[in-house]
Structures are given as structure tokens and as C-alpha cells.
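Reckoned from all heavy atoms, side chains included, excluding hydrogens, waters and symmetry mates. Computed from a predicted structure; not experimentally measured.
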Amino acid sequence: MSTAIFYASSTGNSDEVASKISAALGEIEVFNLANTKVDKINGYDKVILGGSTWGDGELNDDWEDAWVDFCKLDLSNKTIALFGLGDQESYSDEFCSALGEIYKQVVALGAKVIGFTSIEGYHHDASKAQIDNNFVGLVIDEDNQSELTDKRIQDWVQNIKEDIL
């Protein structure tokens with residue numbers, strides 16, 4: 001079974017997180033949606049999807065550009081893990097909400113989603129990426145908690161490793 005990471009990055013933070021996740025998993029393939037057609041996901045059984053939240057909880061531009069084609073994919077036989085970046089202080093009411101939008105679509109397309117993480121240690125008011133006391137994937141705040149990023153990635157990778165590789 002093959003595994004790959006697909007992400008979109010506007011400022012470079014998602015790019016850096018995707019690279020760190022890849023390294024922690026043993027250098028799996030990484031694709032930036034800015035220069036990769038989203039249907040390339042069809043070639044992988046296990047996929048990690050990621051990106052950042054913009055404005056009032058929106059997907060970033062590269063995810064927006066790929067969205068129509070992404071929504072046409074058949075993910076019914078795939079295992080998916082998700083990661084998202086956001087700013088919990090400046091956008092406390094929509095923290096990582098784009099991740100929640102991706103999650104809803106992935107579930108609607110039939111994928112098995114793994115890698116939920118606790119909301120403990122985050123300080124936000126609301127998020128579409130939150131279900132009860134968990135986020136639907138790895139959540140990173142490079143703006144306010146960058147010192148926690150590497151540990152959060154390592155802990156998350158240990159949690160998903162058995163199911164994603």
C-alpha cells in the first residue's frame with residue numbers, strides 16, 4: 001500500500017509541516033496542490049491531506065482551486081489523515097475551520113478518517129474542525145504556539161503510523 005501527503009500552502013507553513021510529517025514517517029511522497037492535480041490522490045491507498053485556514057474559516061486559494069475536482073474523487077477505499085494550520089488568537093472563532101470543511105468532504109466521499117487529536121492545550125472559541133473534545137486531525141498554530149509544533153507532529157505521527165503506512 002502506498003502513502004502520500006497532499007497539501008496547500010500560502011505562506012510556507014503548511015509546506016514545512018508537510019515536510020516534517022513526511023520525515024517522521026520515513027520520507028513519504030509529498031505533493032503541493034499548487035502544482036499537482038488533485039486526482040493524483042487516486043494513485044494512493046493512504047493519504048494525508050493538509051492546509052491552512054484563511055479569513056473567516058475558508059480554504060486557502062490552492063485548495064479552493066482544486067475543490068471541484070476533489071469533490072469528484074472516490075475515497076471509499078482510502079484511509080485519510082488530516083492536518084491543518086490556523087491562528088487561534090486572531091481567528092479564535094474559526095480556528096482551523098478549513099480543516100473541518102475538508103473533513104466533511106472526505107467523510108462524504110467515503111474515506112476512513114484517522115488521527116483525531118485532543119483540543120487540550122489550545123485556546124479558541126470555535127472551530128468547524130472540532131467534534132466534541134477532539135479536532136478531526138493534527139492542528140498546528142505556527143503563529144502562537146510554534147514551540148509545540150515538533151512535539152505535536154511527533155505525537156500525531158506515532159498515533160497514525162500503524163494505520164497510515
Is it possible for you to say whether [X] and [Y] belong to one hydrophobic cluster, with membership spreading through side-chain heavy-atom contacts below 4.5 Å?
X: Ile5; Y: Leu49; answer: no
X: Leu109; Y: Leu82; answer: yes
X: Ile28; Y: Val47; answer: no
X: Phe70; Y: Tyr44; answer: yes
X: Val139; Y: Tyr103; answer: yes

Would you say the side-chain atoms of [X] pair up with the backbone N or O of [Y], donor to acceptor, closer than 3.5 Å?
X: Glu29; Y: Ala4; value: no
X: Ser52; Y: Leu85; value: no
X: Asp132; Y: Asn134; value: no
X: Trp63; Y: Gly50; value: yes
X: Ser76; Y: Gly110; value: no
X: Ser22; Y: Ala18; value: no
X: Lys46; Y: Thr79; value: no
X: Thr117; Y: Gly137; value: yes
X: Gln145; Y: Gln88; value: no

Residues, nucleotides or ligands: over 12 heavy atoms within 6.0 Å of [X] [atom1]:
X: Glu120; atom1: CD; value: no
X: Asp56; atom1: CG; value: no
X: Glu147; atom1: CD; value: yes

Nearest heavy atoms of [X] and [Y], plus distance in Å:
X: Gln105; Y: Cys71; value: CD-SG, 3.5 Å
X: Gly115; Y: Asn159; value: CA-ND2, 4.0 Å
X: Leu25; Y: Leu165; value: O-CD1, 3.7 Å
X: Thr53; Y: Ala98; value: OG1-N, 3.0 Å
X: Glu142; Y: Ser146; value: O-CB, 3.5 Å
X: Asp62; Y: Ser9; value: OD2-O, 4.0 Å

Check this for me, if you would: do Asp69 and Lys37 make a salt bridge, where the nitrogen-to-carboxylate-oxygen distance has to be below 4.0 angstrom?
no

In Å and rounded to the nearest 0.5 Å, what is the [atom1] to [atom2] distance from [X] to [Y]?
X: Ser14; Y: Asn32; atom1: OG; atom2: CG; result: 9.0 Å
X: Thr149; Y: Asn13; atom1: OG1; atom2: CG; result: 8.5 Å
X: Gln130; Y: His124; atom1: CD; atom2: NE2; result: 4.0 Å
X: Ile41; Y: Ile80; atom1: CD1; atom2: CD1; result: 6.5 Å
X: Leu99; Y: Lys104; atom1: CG; atom2: NZ; result: 12.0 Å
X: Asn60; Y: Tyr7; atom1: CG; atom2: OH; result: 10.5 Å

Would you call the rings of Phe6 and Phe31 parallel, tilted or perpendicular, taking 30° and 60° as the class edges?
parallel

Classify the ring geometry of Phe135 against Phe95: parallel below 30°, tilted from 30° to 60°, perpendicular beyond 60°.
perpendicular

Would you please test Ile160 and Phe116 for side chain to side chain contact (heavy atoms under 4.5 Å, CB included) and show each step?
CA-CA 9 Å; Ile160 67 167; Phe116 284 52; over 6 Å; no

Do [X] and [Y] make a side-chain contact, defined as non-hydrogen atoms from C-beta onward lying under 4.5 Å apart?
X: Trp156; Y: Ile21; result: yes
X: Arg152; Y: Ile140; result: yes
X: Asp45; Y: Asn77; result: no

Asp150 vs Lys20, test: side chain to side chain contact (heavy atoms under 4.5 Å, CB included). Steps then yes/no.
CA-CA 8 Å; Asp150 290 342; Lys20 288 180 178 184; 2.7 Å; yes

Side chain to side chain contact (heavy atoms under 4.5 Å, CB included) for Trp54 and Asp61? Distances and angles first, verdict last.
CA-CA 9 Å; Trp54 285 90; Asp61 290 344; over 6 Å; no

Mind running side chain to side chain contact (heavy atoms under 4.5 Å, CB included) on Tyr122 and Leu148 for me, showing each step along the way?
CA-CA 11 Å; Tyr122 296 89; Leu148 300 175; over 6 Å; no

